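Notes for the one structure printed next.
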Amino acid sequence: MKIAVLIKYVPEATAAWRFAGDHALDRDSVDGRLSELDEYAVEQALRLAEAGAATEIGYLTMGPPRAVDAVRKALAMGGDRAVHVLDDALHGTDAAGTSLVLAAALRRMEADLVVCGMASTDAEMAVLPAMVAERLGITAVVNAAALRVEDSTIVAERDTDDATEEVVAPLPALVSVTDRSGEARYPSFKGIVAAKKKPVTTWTLADLGIEPGRVGSAGAATQVLAVRPSPPREAGTVITDEGDAAARLADFLAANKLL
Amino acid sequence: MVLRIVLGLLMTAVAFAVAGRRLAMLYRIGRAAQPVEPGRTRGVPARLRAELTEVLGQRKLLTWTVPGVAHVLAFWGFLVLALTIVEGYGALFQRDFHLPLIGTQPWLGFLEDLFTVATLVSVLVFAAIRVRHSPAREGRRSRFFGSHLDAAWLVLFMIFNVVWSLLLYRGAQINTGNFPYASGAFASEAVARLIHPLGAGANDVIETAGLLLAIGIILLFLVLVVHSKHLHIFTAVANVGFGRRPRALGALLPVYSGGKPVDFEDPGEDDRIGRSSIEDFTWKGMLDFATCTECGRCQSQCPAWNTGKPLSPKTLIMGLRDHALAAAPYLLAEDKSKVDALAAAAAQTPLVGTEGVVHPDVLWSCTTCGACVEQCPVDIEHIDHIVDMRRYQVLMESEFPPEAGVLLRNLEHAGDPWGRGAGARTEWTDGLDFPVRTLDGERIPDDVEYLFWVGCAGAFDDRAQRTSRAVAELLHTAGVEFAVLGSGETCTGDPARRIGNELLFQQLAAQNVQTLNGAGVRRIVATCAHCFNTLANEYPQLGGHYEVLHHTQLLSRLVADGRLVPVTPVGATITYHDPCYLGRHNRVFTPPREILGTLPGTRLAEPQRTRETSFCCGAGGARMWLDETIGTRINETRTDELLAAEPDVVAAACPYCVDMLADGVALRQQQGRTGAHVTVTDVAEVLLRSVREPAANDHRRA
């Protein structure tokens with residue numbers, strides 16, 4: 001069984017983000033990384049391979065040239081190969097356009113199982129898994145907390161507020177995993193060295209047979225009108241204990257409708 | 001006479017064969033080990049000085065008075081008694097043999113007897129110490145806990161035998177008229193008087209039998225020495241000679257493989273990263289293991305051991321030695337298939353693992369405080385071995401306590417252990433009533449005297465931010481122009497390096513060196529003892545050469561120069577805690593005390609363990625970021641030690657110490673075990689209180 005893992009190169013959460021004139025993030029001004037939520041997807045794929053359920057793990061990313069850093073990071077954790085969809089025309093692509101590109105690439109990769117994170121850590125839309133599955137015409141199981149493969153089906157556990165449900169889907173399928181699915185491994189130096197030798201293939205829109213007009217900001221279904229920094233966090237209220245701290249704390253919580 | 005010669009030489013031949021076989025095997029283990037990194041023979045004067053002070057002068061042994069003096073007697077006893085061995089062998093051939101030139105002078109006879117008696121005294125003292133501090137009585141508190149006790153008693157018994165057999169035959173020699181010294185040898189003369197009544201014939205027999213017995217015992221002792229921890233009498237000289245100078249503290253060494261530094265950008269195919277098995281250690285490592293005499297001074301000071309954790313530096317080294325010896329037949333065999341099954345099994349035991357030679361809990365308990373290295377009379381380099389084993393675990397196996405993953409990811413992605421990121425690095429300056437000059441990538445202006453290295457704690461930790469503000473205010477008050485890197489600063493890499501992630505350390509350090517060199521920085525002042533150590537001692541390995549001062553050094557200078565004038569009485573008894581990375585690792589003991597000593601209305605109360613023997617707060621070696629689940633907590637133990645000095649203020653000079661001790665004091669206050677008035681703070685904050693006018697303190701509690 002072949003697994004494809006969707007991974008995304010996202011800007012560092014702690015760094016200052018700058019936006020360019022077209023309201024797109026200025027990727028050159030900020031360091032990037034493999035999305036933390038995607039690390040869980042990588043981890044689940046590797047665990048399936050270690051359990052003997054998968055024979056090959058390939059990664060797929062769409063992003064700027066530096067996205068190859070995220071690819072190398074995933075390859076350092078494990079896996080065999082990677083595909084990087086790189087094309088200037090992709091600048092400004094929205095979620096719908098991204099799913100079009102990823103689905104086209106996944107068709108070429110011929111994976112039996114697609115694993116991805118529950119959301120990206122930058123846009124946090126969490127719609128991409130369902131969109132990709134829809135375009136491929138395969139089952140999507142989202143927000144899985146545990147995964148196993150049983151007789152050409154994928155069994156996923158999903159946590160809800162009051163129960164854990166076990167969902168079974170026939171392969172091929174797409175699964176998105178949560179951050180509760182299991183701590184992602186820390187790549188070893190051995191893994192980092194090995195990753196440098198693993199093949200990373202670059203595909204363009206032409207390779208995938210996608211018209212440039214269907215993606216990018218021109219092909220986007222949505223348009224960003226403005227980008228404003230979020231207001232700075234206001235200082236909290238400090239209650240110094242003068243014997244009545246508990247009562248004042250309770251008053252404060254009540255006044256804010258928290259009690 | 002013929003009997004004497006034949007028997008004497010026969011015994012010698014057998015003993016030399018047995019001992020020689022053993023020594024050859026030990027030598028082959030050393031040869032099978034990795035080559036050592038360069039520099040082990042560099043700086044000959046310092047090495048000779050170490051031999052003079054530590055071997056001949058027994059400096060480190062004498063830090064413990066009673067056992068130290070006893071060891072001096074035994075050590076010098078054996079040096080002098082070597083003469084009697086020469087005399088003994090001479091007497092095999094010629095009954096009245098004497099050493100050439102000085103061999104009949106009374107002072108030499110006196111000296112020999114004096115040290116014979118001294119050796120006897122030392123044996124008695126050692127025996128008394130072993131009885132008094134036996135593990136049976138003291139349990140884990142005993143420094144001999146975990147040592148090979150039977151072997152130690154056997155050694156003492158053998159030394160005792162050496163002494164009495166020597167005196168017996170010398171006494172008989174006097175009675176038969178063959179003794180080289182007409183007078184001076186008082187102890188031998190006493191024995192002679194004792195056995196004189198037995199008659200000339202008996203004394204004749206005793207002389208020969210005693211001589212053969214004495215030689216036999218010495219030879220037996222030689223065989224025992226090369227098969228036991230007593231090997232140190234030979235290896236200590238070499239171990240001190242090849243040791244890191246001035247001491248194996250301060251900087252950690254880069255990763256070496258085959259004696260060459262590993263290039264992490266382009267590692268060689270066969271590079272061995274860290275230590276995955278016993279043969280990955282260098283021959284100096286093997287020499288360390290062979291030299292350990294199991295005295296347990298390291299164990300007695302180890303913060304991990306003293307708080308009920310499984311790590312003892314002594315049993316760690318002993319375990320590695322015992323494992324090396326057990327695996328040796330396999331490692332040294334030409335044809336591995338013919339090796340004894342036990343040795344093969346030993347050789348295949350993992351070095352680190354729950355079923356391995358070193359349990360992971362042992363490996364991860366070390367705070368790298370250096371108390372063991374400081375104590376070790378034979379200069380064993382415990383920390384280097386521990387970090388080398390961690391390096392393999394982290395870099396090659398990704399095996400480490402899970403909490404460390406958060407630390408490593410934060411360092412990688414945000415450049416600080418808290419994961420706050422460069423953007424927040426100047427938040428600590430809020431509330432200062434003067435601007436702090438921030439380079440933010442610019443070159444350092446000519447009028448700036450010092451780059452203030454704020455450090456991650458100084459930038460993000462609440463308590464340490466107060467220290468940063470105090471130091472900034474003091475420098476500002478003294479008119480010292482300083483600047484900070486601001487968002488250009490990143491973790492020095494200390495916790496990454498000490499947890500074993502050398503790759504991450506190299507990345508962080510290279511980035512900082514590039515920033516500092518790019519800004520033209522020459523002089524740095526740091527408040528964090530760990531940053532201070534890394535900047536001063538480890539960045540030169542990466543081409544970063546700066547004059548680095550700890551803030552207590554700079555502030556004490558400013559006070560001495562009258563640029564800072566403490567006026568306001570502090571009115572407190574202050575107990576100062578020496579941070580390991582400031583004190584033991586870098587020998588900065590005096591400046592913080594000088595600062596505190598000049599403040600009006602203060603009294604300094606030293607804790608029991610202080611200066612070189614200061615006890616770790618528990619945060620070093622990246623332990624700050626790991627859970628402490630085994631035994632009692634190190635910070636509470638140290639807090640209790642400090643509170644025993646009955647201070648009003650516990651002062652430290654490292655943000656991690658301040659954090660750890662403040663937590664400890666807060667807990668004791670909560671438990672009602674210490675007064676609510678006791679505070680924990682950095683030395684700089686106490687100084688600032690005294691430099692400010694009293695009124696300023698009241699409404700400006702920073």
Side-chain angles (χ1 to χ4, degrees), chain A residues 8-18 29-40 42-43 46-47 50 66 69-70 72-79 121-122 179-180 182-197 229-230 232-236 238 240-241 243, chain B residues 255 257 262-269 271-274 276 391-425 427 430-431 440 460 486-487 490 496 499-507 511 701:
Chain A
K8 187 175 184 186
Y9 176 73
V10 298
E12 282 288 2
T14 55
W17 296 6
R18 268 206 293 272
S29 72
V30 57
D31 280 338
R33 61 173 295 181
L34 170 62
S35 168
E36 223 176 321
L37 290 170
D38 292 347
E39 285 187 19
Y40 295 97
V42 174
E43 178 64 30
L46 295 173
R47 288 186 191 184
E50 281 160 2
R66 282 165 74 193
D69 291 352
R72 291 286 173 209
K73 172 77 183 277
L75 286 170
M77 291 170 73
T121 54
D122 52 352
D179 51 355
R180 295 163 59 107
E183 199 59 41
R185 67 197 60 196
Y186 187 81
S188 67
F189 178 60
K190 200 164 54 180
I192 294 168
V193 173
K196 288 182 184 165
K197 295 185 185 127
S230 20
R233 266 219 300 219
E234 286 171 39
V238 177
T240 313
D241 191 11
Chain B
V255 174
S257 173
V262 170
D263 177 0
F264 282 93
E265 291 297 312
D266 184 22
E269 283 286 324
D271 276 358
R272 289 196 259 182
I273 314 282
S276 69
R391 283 169 169 170
Y392 180 80
Q393 292 301 310
V394 173
L395 291 172
M396 302 310 277
E397 298 293 333
S398 282
E399 282 289 343
F400 43 76
E403 320 87 82
V406 180
L407 164 72
L408 295 174
R409 287 192 171 90
N410 283 340
L411 289 177
E412 226 168 88
H413 294 294
D416 64 80
W418 280 269
R420 293 284 308 280
R425 281 212 177 251
E427 278 175 11
D430 291 351
D440 277 330
F460 302 120
S487 60
T490 184
I499 210 161
N501 195 336
E502 182 71 5
L503 175 66
L504 184 53
F505 166 77
Q506 294 285 341
Q507 287 165 350
Q511 187 183 336
R701 295 217 168 255

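In the text below, chain A, chain B and the rest are named by the order of the sequence lines, each starting its count at 1. Model, not experiment: these values are computed from the prediction.
Only the side chain of B:N501 comes within contact range of chain A, with heavy atoms under 4.5 Å apart. B:L395 touches chain A through backbone and side chain together, each having a heavy atom under 4.5 Å away. Interface residue B:E265: only backbone heavy atoms are found under 4.5 Å from chain A. Within the 4.5 angstrom heavy-atom criterion, no atom of A:A13 approaches chain B.
Across A:K8, A:R185, A:R33, a single residue satisfies salt bridge (Lys or Arg N to Asp or Glu O under 4.0 Å) together with A:E39, and that is A:R33.
Ionic pairing of A:E36 and B:R409 is not present here: no N-O contact between side-chain nitrogen and carboxylate oxygen is shorter than 4.0 angstrom.
If you check the side chains of A:D122 and A:S35, you find no donor sitting under 3.5 Å from an acceptor. In this model, a donor atom of one side chain and an acceptor atom of the other lie less than 3.5 Å apart for B:Q506 and B:E502.
The aromatic rings of B:F264 and A:F189 lie perpendicular to each other, with more than 60° between the two planes, well past the 30° mark.
Of all the listed residues (A:A184, A:G191, A:A15), the one sharing the greatest number of non-hydrogen pairs under 4.5 Å with chain B is A:A184.
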